[in-house]
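Just below is one structure, and these are the notes that go with it.
On a predicted model such as this, the values are computed, not experimentally measured, just so you know.
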Amino acid sequence: MASTNGLVPITRAFLSSYYDKYPFPPIVSDVSRLSDELHNMSNELCKGSPFLPEGERLLLQEAESQPPHKMDENMWKNREQIEEIIFLLESSHWPKSLQQQSTPEDIELAQVLKQLKEKFEVALKLVESFQTKNSSNVFNTVMTYMPQDFRGTLIRQQRERSERNKQAEVDVLVNSGGNIRDRYALLWKQQMERRRQLSQLGSATGVYKTLVKYLVGVPQVLLDFIRQINDDHGPMEEQRQRYGPPLYALTKMVLNIHLFLSLSWWRFEDIKLQKHQMSILEEAVQVYVSELDRFLKFIGEVFANSPFFVTAEEAGAIEGIKTDGYSETTVTAGKTHEVSLMVESVNSYIAWDFSIMQGKISTDIGFCVEHTDSAGQKTLILPYRRYESDQGNFCTVMAGNYRLIWDNSYSTFFKKALRYKVDCIPPVVEPIPAAEAEKNM
């Protein structure tokens, strides 16, 4: 289990500073221009026909509305629209007269449509790959900080079981005749369920109540992180404000591509596609796929490098951390730090808990325990080993002086910020019953 000692969850202020290092080059102006041109062409197709089919009417409303606020919802929306467009570009879903390809113009149009379909198939794979990698990265990072015992195994099993159930739910919908819009409505509902489960893990409720709250060992900093990460005004809001606008523009664009293509098929027998319209559509598809690819590569790198935890100093929260009886000291390079305990009774317990407060470089420190008797004879109790953190205890079998030694003598340059707590608990002496005490008097 990776150590979270000395760390706190990322804050919105910290993410703002982090994102300053990753400015996104603006989306090309062609995105808004082509979106507007497609929307104007769609409006022309609607003229003279007061009653739109239900699907096109809903699509028009969506294209004229603001895109979703959440970035992952926009990802799902882009993926949904791409699938809808691929569906329309399947030759079996073309207008009947176009399927016959009875004119040179229809043959030329068919070739263009096949090329557009191939580009959208590439775009679909890009979005699917991004979502899979991002989801795995978040879950695996969380699991890195979970106890590496049966609890971690149970949480993984719970996730796998949940994902199987979700896929079965999708299969039932598809097999019962659900369309692409229905399927993505369900997929987004399931995504929100994943968020709810993550929040349950963070607050130790629901299926995780016993697993996390009753059984000790899950770092509180991890629970705090996964509880707050998706809050409306939490750290991810900074991400939405910083990188949301270019994604919103792409969502708007793909909706307008879908709307124009859908209306074109609906009115195809009355209004044939003109060459200048196809030219705009081709350009729009090229720009959309190119800009989507650029955005996903950029944001994927930002997400992969974004920390989940930072030092309290970096987050500006060092004063808020309670010491809880712990001491802090700096062990300079080439030096050691010792704590001596004089133990008068055998069967006493010596216990320790320590960690190196991590900065940007992962560090460790040597640690061992020695005993010195009244004659000056030394005995190694705990062999020397290097740790990032450790908890332990032992029962003494000899009275005398016990030295707990933290060793940084092997380091030439790096000092170590040590946070530690040491206790010596004397043996519990059972009280002598009153009758027994009187007998011994």
Side-chain angles (χ1 to χ4, degrees), residues 27-69 73-96 98 109 112-121 123-124 127 179-185 187-188 245-292 295:
I27 286 284
V28 295
S29 59
D30 289 337
V31 169
S32 59
R33 174 182 64 82
L34 290 165
S35 292
D36 290 341
E37 289 188 25
L38 286 167
H39 195 72
N40 290 336
M41 292 192 303
S42 294
N43 286 334
E44 287 296 319
L45 290 170
C46 292
K47 286 182 179 179
S49 181
F51 299 106
L52 285 176
E54 179 69 10
E56 283 69 19
R57 186 181 62 80
L58 292 173
L59 186 54
L60 179 61
Q61 288 178 355
E62 197 167 16
E64 293 180 341
S65 302
Q66 290 298 316
H69 183 58
E73 188 173 1
N74 275 271
M75 289 294 181
W76 283 107
K77 183 57 65 178
N78 276 264
R79 184 171 159 182
E80 175 191 351
Q81 298 307 307
I82 291 170
E83 278 207 44
E84 292 275 18
I85 292 168
I86 291 173
F87 178 85
L88 291 174
L89 292 174
E90 293 279 358
S91 59
S92 59
H93 299 132
W94 294 349
K96 294 297 183 184
L98 181 58
L109 176 57
V112 173
L113 295 176
K114 289 176 182 177
Q115 293 171 3
L116 297 183
K117 177 174 173 288
E118 290 173 357
K119 290 180 179 179
F120 275 111
E121 287 171 341
L124 181 61
V127 179
N179 59 26
I180 294 174
R181 178 185 286 271
D182 295 333
R183 178 157 56 87
Y184 274 90
L187 288 171
W188 177 243
L247 181 57
Y248 303 156
L250 291 171
T251 303
K252 200 84 171 174
M253 189 178 200
V254 75
L255 278 165
N256 277 296
I257 292 173
H258 180 199
L259 175 64
F260 174 70
L261 199 56
S262 185
L263 289 171
S264 296
W265 278 191
W266 172 56
R267 298 298 305 275
F268 192 83
E269 305 303 332
D270 302 320
I271 307 174
K272 297 287 185 181
L273 276 171
Q274 303 299 308
K275 283 194 174 182
H276 78 278
Q277 292 177 317
M278 281 306 301
S279 178
I280 291 173
L281 179 61
E282 283 185 87
E283 185 184 4
V285 172
Q286 179 60 43
V287 170
Y288 171 75
V289 174
S290 174
E291 288 296 276
L292 179 66
F295 179 80

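In this structure, Ser290 contributes its side chain and Gln286 its backbone to no donor-acceptor pair below 3.5 Å. At distances below 3.5 Å, not a single donor-acceptor pair connects side-chain atoms of Asn256 with backbone N or O atoms of Leu38. Gln274 places a side-chain N or O within 3.5 Å of a backbone atom of Lys272 that can act as its donor or acceptor partner. Ser35 contributes a side-chain N or O that, together with a main-chain N or O of Val31, makes up a donor-acceptor pair within less than 3.5 Å. Checking side-chain atoms of Trp188 against main-chain N and O of Trp76 turns up no donor-acceptor pair under 3.5 Å. Checked by atom type and distance alone, the side chain of Lys252 pairs as donor or acceptor with a backbone atom of Ser65 at under 3.5 Å. Under a 3.5 Å cut-off, the side chain of His258 and the backbone N or O of Ile85 do not form any donor-acceptor pair. Judged by distance alone, with hydrogens and angles left aside, the side-chain atoms of Glu291 form a donor-acceptor pair with the main-chain N or O of Val28 at under 3.5 Å. Of the possible donor and acceptor atoms, none in the side chain of Arg57 sits under 3.5 Å from a partner among the backbone N and O of Leu52.
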Dump the intermediate steps for side chain to side chain contact (heavy atoms under 4.5 Å, CB included) on Leu263 and Leu59, then the final yes or no. CA-CA 10 Å; Leu263 289 171; Leu59 186 54; over 6 Å; no

Start with the C-alpha distance between Glu90 and Lys114, add both sets of side-chain angles, then the distance that settles side chain to side chain contact (heavy atoms under 4.5 Å, CB included), and finish with yes or no. CA-CA 8 Å; Glu90 293 279 358; Lys114 289 176 182 177; over 6 Å; no

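Remark: Phe268 CZ is packed, more than 12 non-hydrogen atoms of other residues, nucleotides or ligands lying under 6.0 Å away. For Gln66, the CD atom sits in a loose shell: 12 or fewer heavy atoms of surrounding residues, nucleotides or ligands are nearer than 6.0 Å.
Taking both residues in full, the closest heavy atoms of Ile180 and Glu83 are given as CD1-O, 3.7 Å, listed atom of the first, atom of the second, then distance. Nearest heavy atoms, Phe260 versus Met41: CE1-CB, 3.7 Å. Minimum interatomic distance between His93 and Phe87 (heavy atoms only, all atoms of both residues): ND1-O, 2.7 Å. Smallest separation of non-hydrogen atoms from Met253 and Ala284: CE-O, 3.3 Å. Here the shortest heavy-atom pairing between Arg79 and Leu124 reads CG-CD1, 3.7 Å. In terms of heavy atoms, Trp94 sits closest to Leu88 at CD1-O, 3.5 Å.
Once rounded to the nearest 0.5 Å, the distance linking NZ of Lys77 with CG of Leu250 reads 15.0 Å. If you take CG on Leu60 and CG on Asn43, they are separated by 7.0 Å, rounding to the nearest 0.5 Å. With rounding to the nearest 0.5 Å, the separation of OG1 in Thr251 from CG in Leu292 is 9.0 Å. In this structure, CG in Leu34 is found 10.0 Å from CG in Leu281, a value given to the nearest 0.5 Å. Atom CG of Leu89 and atom NZ of Lys119 lie 12.0 Å apart (nearest 0.5 Å). With rounding to the nearest 0.5 Å, the separation of CG in Leu247 from CD1 in Ile27 is 8.5 Å.
Looking at Leu98 and Trp265, their side chains come closer than 4.5 Å, going by heavy atoms from C-beta outward. Counting only heavy atoms from C-beta outward, the side chains of Tyr184 and Leu187 approach each other to under 4.5 Å.
Partners of Glu121 according to the side chain to side chain contact (heavy atoms under 4.5 Å, CB included) rule, which considers only residues two or more places apart in sequence or in another chain, are Ile86, Lys117, Glu118. Taking the side chain to side chain donor-acceptor pair (under 3.5 Å) definition, one finds that Gln115 meets it with nothing, sequence neighbours left out. Taking Asp182 as the reference, Leu173, Asn179 meet the side chain to side chain contact (heavy atoms under 4.5 Å, CB included) condition, with sequence neighbours excluded. Considering only residues two or more places apart in sequence or on other chains, Phe295 meets the ring pair (Phe, Tyr, Trp, His ring centres under 6.0 Å) condition with Phe24. With sequence neighbours left out, Glu73 forms a side chain to side chain donor-acceptor pair (under 3.5 Å) with no residue at all. Annotation: side chain to side chain donor-acceptor pair (under 3.5 Å) contacts of Ser262 (sequence neighbours excluded): Glu56.
Taking a cutoff of 4.0 Å between a charged side-chain nitrogen and a carboxylate oxygen, Arg181 and Glu84 do not qualify as a salt bridge. Between Arg33 and Glu283 a salt bridge is recorded (basic side-chain N to carboxylate O distance below 4.0 Å).
Side-chain polar atoms of Tyr288 and Asn78 form a donor-acceptor pair below 3.5 angstrom.
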